[in-house]
There are 2 protein chains.
Amino acid sequence: MAARTPRMQLADQVAEELQNKIMNGEWKPGQKLPTEFELLEELNVGRGTIREAVKILVSRNILVIRRGNGTYVTEHPGLMDDPLGFSFCTDKRKLAQDLCEIRLFLEPNIASLAAERATEEDIAKIMSCCQAVEQAIYAGTSHRTEDILFHEAIAAASHNQVVANIVPIIHQGVSLFIIVTNSSLLEMTIRTHRQIADAIARHDGNAAYAVMREHLIHNRDRITAETDSLSAGSC
Amino acid sequence: MAARTPRMQLADQVAEELQNKIMNGEWKPGQKLPTEFELLEELNVGRGTIREAVKILVSRNILVIRRGNGTYVTEHPGLMDDPLGFSFCTDKRKLAQDLCEIRLFLEPNIASLAAERATEEDIAKIMSCCQAVEQAIYAGTSHRTEDILFHEAIAAASHNQVVANIVPIIHQGVSLFIIVTNSSLLEMTIRTHRQIADAIARHDGNAAYAVMREHLIHNRDRITAETDSLSAGSC
């Protein structure tokens with residue numbers, strides 16, 4: 001054990017040095033890092049230290065190793081999986097209600113911003129995500145991933161980076177609870193998604209706000225009913 | 001290097017095992033872990049592996065080591081420092097605007113929920129935080145920490161766990177930009193904070209919403225002016 005301590009400390013220092021290069025913009029999100037050989041020449045440390053440092057930054061979701069390709073800065077450096085610790089919440093029913101509540105505060109406003117600020121490219125993306133949800137529903141397969149992508153495309157069209165980072169986290173939480181079986185609810189999803197996409201496409205912020213709110217209230221009621229039956233079943 | 005790989009893999013497995021004990025509620029937030037000796041007996045692995053595993057969970061903010069005291073589950077397991085990666089955002093001016101925007105969506109609603117749901121204990125906490133901000137301002141010292149605690153106390157009184165986790169993250173971001181020097185703005189802070197606290201104390205959701213909104217709009221305008229002068233200064 002004793003022999004490892006100095007290298008670990010050095011690795012922490014090197015990790016910080018590499019992180020600073022990203023924080024000051026020298027290395028950008030998505031950029032490929034210099035080779036291990038170039039790094040150890042530049043930083044004047046051993047290969048083992050570089051590897052430890054890279055590993056530390058991978059565990060913080062700042063770097064990603066693509067096998068046989070190289071080491072890259074992640075697209076969203078420092079944005080962790082489950083950063084709010086939802087998976088540690090033992091009362092899933094309360095978590096579901098809390099998530100629905102915060103969605104109602106945020107997402108109608110986000111839809112309204114998206115309507116205001118969406119570029120032609122954003123609109124095309126939202127429309128194609130909307131279509132992907134419909135196709136999954138008509139094919140009778142799960143539309144969970146497509147649904148998350150639809151809401152993420154709207155968040156991206158708000159051109160607010162904080163919103164774009166928070167929405168996927170909330171949706172990953174929500175997706176823990178959604179198992180849709182009722183066909184009238186699927187029809188509701190198809191209709192409201194389409195209305196939201198259309199409102200954004202014609203830059204109508206008020207309509208986008210109102211339909212997103214309607215969509216979320218339907219979702220909340222469905223999730224409340226499902227988690228009620230879940231907790232009744234498990235008691 | 002070759003000798004380390006098996007232990008690292010074992011440490012990852014043990015880390016997952018310990019994490020599961022927290023996720024299934026066997027170990028609760030804030031709880032002290034069994035001693036290292038008890039753990040190595042139970043898990044049938046070496047001391048080095050246990051230490052590696054604990055280190056992995058400390059780096060994920062799931063465990064915390066209190067020197068000379070023991071290892072504990074954190075109060076908010078898995079909630080990371082800067083989980084949205086604000087420190088990696090190079091355009092700080094845009095980040096400030098984005099944060100102000102999302103605060104306006106969330107915090108008036110949170111104040112309204114707090115007014116609806118605050119217990120006597122919540123109200124006492126909000127009042128004492130409100131007073132601490134006033135005292136810091138009158139003493140001419142920074143009220144940054146007290147300000148964050150005031151808004152966190154309101155978020156806690158909403159009794160929505162997701163809100164209580166998200167608000168501190170947003171405030172840590174906002175606090176990167178706030179350097180208040182103008183005395184009329186300090187008077188505004190004292191007045192609106194007091195009005196928000198009073199509205200929550202008398203369970204008046206509409207008033208809490210309206211005053212929080214006024215407070216945030218003042219803040220936004222101040223931050224916009226300050227970041228404008230910052231970016232003008234640094235260009």
Side-chain angles (χ1 to χ4, degrees), chain A residues 1 4 8 19 22-26 28-29 47-48 51-52 55-56 59-62 73-74 76-91 94-110 112-113 158-166 169-170 173, chain B residues 1 4 8 19 22-26 28-29 47-48 51-52 55-56 59-62 73-74 76-91 94-110 112-113 158-166 169-170 173:
Chain A
M1 284 294 283
R4 291 194 58 242
M8 283 309 288
Q19 183 169 325
I22 301 161
M23 288 172 72
N24 68 24
E26 187 180 332
K28 307 244 176 313
R47 191 174 295 252
R51 287 189 182 165
E52 282 290 348
K55 208 165 150 186
I56 290 167
S59 78
R60 293 187 201 148
N61 208 18
I62 292 167
V73 181
T74 57
H76 298 281
L79 183 63
M80 307 295 292
D81 281 345
D82 188 24
L84 299 181
F86 292 151
S87 51
F88 291 93
C89 178
T90 44
D91 187 348
K94 174 76 164 60
L95 177 61
Q97 288 167 350
D98 289 355
L99 285 166
C100 289
E101 200 163 74
I102 201 165
R103 285 187 75 185
L104 267 165
F105 296 157
L106 279 179
E107 294 194 50
N109 285 299
I110 292 171
S112 171
L113 281 187
S158 77
H159 293 266
N160 177 318
Q161 190 54 47
V162 180
V163 160
N165 278 357
I166 282 182
I169 297 166
I170 292 175
Chain B
M1 283 295 282
R4 292 194 57 243
M8 284 309 288
Q19 183 170 326
I22 301 161
M23 288 173 71
N24 68 24
E26 188 180 333
K28 306 244 177 312
R47 192 174 293 254
R51 288 189 182 166
E52 281 291 348
K55 207 166 154 185
I56 289 167
S59 78
R60 293 187 201 148
N61 207 19
I62 292 167
V73 182
T74 57
H76 298 281
L79 183 63
M80 308 294 293
D81 281 345
D82 188 24
L84 299 181
F86 292 151
S87 51
F88 290 93
C89 177
T90 44
D91 187 348
K94 173 76 166 57
L95 176 61
Q97 289 166 350
D98 289 353
L99 285 165
C100 290
E101 201 163 72
I102 201 166
R103 285 188 74 185
L104 267 165
F105 296 157
L106 280 179
E107 294 196 48
N109 286 299
I110 292 170
S112 171
L113 280 188
S158 78
H159 293 267
N160 177 318
Q161 191 54 47
V162 180
V163 160
N165 278 357
I166 282 183
I169 297 166
I170 292 175

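Chain A is the first sequence line, chain B the second, and so forth, proteins listed ahead of strands; every chain is numbered from 1. This structure is a prediction, so every number in the text was calculated from the model and none was measured. Hydrogens, waters and symmetry mates play no part in the numbers below; they use all other heavy atoms, side chains included.
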Taking it one step at a time, do A/Ile170 and B/Ile166 satisfy side-chain contact (heavy atoms from CB on, under 4.5 Å)? CA-CA 10 Å; A/Ile170 292 175; B/Ile166 282 183; 4.3 Å; yes
Rounded at 0.5 Å granularity, tell me how far CG in A/Leu99 sits from CG in B/Asn160. 8.0 Å
Side chain, backbone, both or neither: which part of B/Leu113 has a non-hydrogen atom closer than 4.5 Å to chain A? side chain
Contact between A/Asp98 and B/Val163 at the side-chain level, heavy atoms closer than 4.5 Å - yes or no? no
The interface call for B/Lys28 against chain A, heavy-atom contacts under 4.5 Å, is neither
Looking only at heavy atoms, what is the nearest atom pair of A/Gln161 and B/Lys94, with distance? N-NZ, 4.1 Å
Scored by heavy-atom pairs under 4.5 Å with chain B, the best of A/Leu104, A/Ile102, A/Ile110, A/Ile22 is A/Ile102
